Amino acid sequence: MAYDLTNRLVIGLSSSALFDLHESDEIFREQGEQEYRKYQREKQDIPLTTGVAYPFIRRLLKLNQISDEPIVEVILLSRNDPDTGLRVMNSIEYHKLSITRAVFLQGQSAYKYIPAFDIELFLSANESDVKQAIDAGYSAGQILHGDISDDLDDRQLRIAFDFDGVIIDDESESIYKENKNLDEFHTHESTKVDVAHNPGPLKNFIDRISHIQKLENAYKLKNPNYEPVLRVSIVTARNAPSHKRAINTMRAWDILANEAFFMGGVDKSKVLEVLKPHIFFDDQKLHLKSASILPSVHIPFGIANKVVHNEG
Ligand SMILES: [Mg+2]
């Protein structure tokens with residue numbers, strides 16, 4: 001029987017999201033493919049240092065310990081060919097990550113393979129790969145930057161989400177962006193307070209995360225010493241009264257956030273610095289820029305990414 005991936009959370013990950021590939025990329029850019037190939041072969045037994053998504057992925061995979069059947073699967077989707085990709089696989093082994101499935105595409109974009117593996121979220125540092133995936137209707141994010149230190153004493157896994165354009169679509173955001181009028185936005189949200197929002201690009205992902213939280217709680221009932229590790233936070237520019245529709249939508253979807261911050265335009269970075277998420281998803285680069293010390297993922301979805309921001 002074929003290995004069934006439909007019952008678990010599947011993350012598709014590029015090697016650039018998991019490891020620091022700056023040096024390798026520089027050699028490819030400055031010295032060309034032949035030198036890059038030679039370099040990766042020579043270094044194939046030297047493990048790559050960890051990258052931005054590593055602390056998130058390591059903790060996510062650890063959740064498999066609470067179930068007989070794996071609940072999380074991470075698949076490497078690499079632009080390398082299998083030969084140069086060997087160093088990445090060796091590095092995965094060195095860092096003891098349980099990632100056994102890998103796809104090497106020799107320069108091709110990975111997004112076409114997202115449905116073949118039932119991938120709920122594709123993470124890559126490659127902007128155009130991520131954009132193509134989003135444009136094709138898949139859930140994807142570009143790993144931007146952030147602190148790559150991994151505190152081994154910190155056992156929690158904190159995931160922080162922006163709301164509009166990430167968990168839900170950009171319908172409400174469009175009202176604000178097109179009219180440049182916050183009152184109109186709040187009126188729209190109040191009129192539709194009992195109508196759940198349309199799902200956004202990370203809706204299925206947060207669904208799975210929420211399901212794993214329920215599994216953790218069930219596991220704790222049988223194993224009282226177990227401390228659930230997953231924490232879900234919403235950090236949104238919404239505030240009263242538009243928070244109501246957000247809460248009602250999460251209720252309708254049976255998704256519980258551990259914390260929600262309705263910021264009303266206050267800079268998100270101050271809250272995020274206290275929260276210290278292992279990964280933070282936002283569709284607006286401006287918000288990610290101000291939170292630049294955090295492991296940040298840009299979701300290039302919807303109206304917020306159609307307008308040209310003058311970000312300097
Ligand atoms: Mg947003």
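First listed ligand is number 1; within each ligand, the first listed atom is number 1. Excluded from the calculations below are hydrogen atoms, water molecules and symmetry mates; all remaining heavy atoms, backbone and side chain alike, are included. From a predicted model like this one, the values you see are computed outputs, not experimental measurements.
In this structure the side chain of Ile11 never reaches within 4.5 angstrom of the side chain of Ile75, judged on heavy atoms. Within the 4.5 Å cutoff, the side chain of Phe122 has no heavy atoms near those of the Tyr138 side chain.
Closest to the Mg ion (ligand 1) among the N, O or S atoms of Asp164 is O. Nearest N, O or S atom of Asp162 to the Mg ion (ligand 1): atom OD2.
Ring geometry for Phe281 against Phe56 counts as perpendicular: the plane angle is over 60°, on a 0 to 90° scale with 30° as the lower cut.
Aromatic pair Tyr176/His188: centroids not less than 6.0 angstrom apart.
The Mg ion (ligand 1) lies under 2.8 Å from an N, O or S atom belonging to Asp283.
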